[in-house]
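Worksheet for the structure shown next.
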Amino acid sequence: TELPPDATRPSGAYATREEKFRKALSEFEALEKSAPRHLRPRARYYVALSRLELGDVAAAEKALSELAGRKDKDDLIPSLARLALADIHRSNGQPQKAIDAYGQMLQDSSFLLPRDHVLLKLGAALEEANRLKDARASYERLFQEYPGSVYAGEARQRAEYLQSARG
């Protein structure tokens, strides 16, 4: 939402969403150039996310693909980049690419992000692809394997809904 022309912006506020992400892009690009070497991939990740928010999907996807291929042990950036790429595929109408990517994350012992989150995203992608039985299985796996997950309740509701929708 934009502020009326005569409104006073609070300090640090932006007139538009685009202005906010252009500023973030500029700051992260500068950080990528000036940061110590070990912090540059993190800055590059945020450059990619800023580009994505600004609609430059191709540049974001290219940068995220490069980051996803990094082999730095114990570095979250490759895992974060892989998840972001799968989300891009899902939002760009490429459900099978997203489903494959989420599935690979679940199988990869080097993937450092929580599996319950990936299972929820996989279930949603399967649902969007109208693979309802597989979606239900993903949701059921989530709440069975991760009963304490913050996503367990939502997964149980989705699984029950899909079971009842089958009629």
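- Considering every non-hydrogen atom in both L122 and L106, the closest pair reads CD2-CD1, 3.7 Å.
- Here the CG-NZ distance, from D56 to K62, works out to 11.0 Å after rounding to the nearest 0.5 Å.
- Note on residues 27-36: pairs passing salt bridge (Lys or Arg N to Asp or Glu O under 4.0 Å), not counting sequence neighbours, are K23-E27, E29-R51, E32-R44.
- For the pair I77 and D72, the minimum side-chain heavy-atom distance is 4.5 Å or more.
- When atom types are taken as modelled, the side chain of R40 and the backbone of A35 share a donor-acceptor pair closer than 3.5 angstrom.
- If you take CG on L25 and CD on E53, they are separated by 11.5 Å, rounding to the nearest 0.5 Å.
- Heavy-atom minimum distance, P147 versus A152: O-CB, 3.7 Å.
- Listed by first and then second residue, the salt bridge (Lys or Arg N to Asp or Glu O under 4.0 Å) pairs involving residues 103-125 are R82-D108, D87-K121 (not counting sequence neighbours).
- Closest of all the heavy-atom pairs between P41 and L67 is O-CD2, 3.8 Å.
- In the hydrophobic cluster analysis, where Ile, Leu, Val, Met, Phe, Trp and Tyr join through side-chain heavy atoms closer than 4.5 angstrom, Y161 is grouped apart from F143.
- A chain of hydrophobic side-chain contacts below 4.5 Å, direct or via other Ile, Leu, Val, Met, Phe, Trp or Tyr residues, connects Y45 to L54.
- When each of K97, Q96, Q104 is paired with D100, the side-chain hydrogen bond (donor to acceptor under 3.5 Å, both in side chains) condition holds for Q96 and for no other.
- The two residues L162 and R136 come nearest to each other via the heavy atoms CD1-N, 3.7 Å.
- Linking Ile, Leu, Val, Met, Phe, Trp and Tyr residues whenever their side-chain heavy atoms come within less than 4.5 Å places L113 and L85 in a single cluster.
- Remark: side-chain polar atoms of S50 are paired, donor with acceptor, to backbone N or O of Y46 under 3.5 angstrom.
- Once rounded to the nearest 0.5 Å, the distance linking OG of S149 with CZ of R156 reads 11.5 Å.
- No continuous path of ILVMFWY side-chain contacts below 4.5 Å connects V47 to L39, so the two sit in separate hydrophobic clusters.
- Residues P95 and A129 share a closest heavy-atom pair of CB-CB, 4.0 Å.
- Of the inter-residue distances, the one linking L83 atom CG with I88 atom CD1 reads 10.5 Å to the nearest 0.5 angstrom.
- With N92 contributing its side chain and Q94 its backbone, the two residues share no donor-acceptor pair below 3.5 Å.
- Between the side chain of Y151 and the backbone N or O of Y139, no donor-acceptor pair lies under 3.5 Å.
- Atoms CG and CZ, from D75 and R42 in turn, are 7.0 Å apart once rounded to the nearest 0.5 Å.
- A pairwise comparison of heavy atoms in S79 and S110 identifies OG-O, 4.1 Å as the closest pair.
- Atom CD of E19 is separated from atom OH of Y14 by 7.5 Å, given to the nearest 0.5 angstrom.
- Remark: side-chain polar atoms of S138 are paired, donor with acceptor, to backbone N or O of L119 under 3.5 angstrom.
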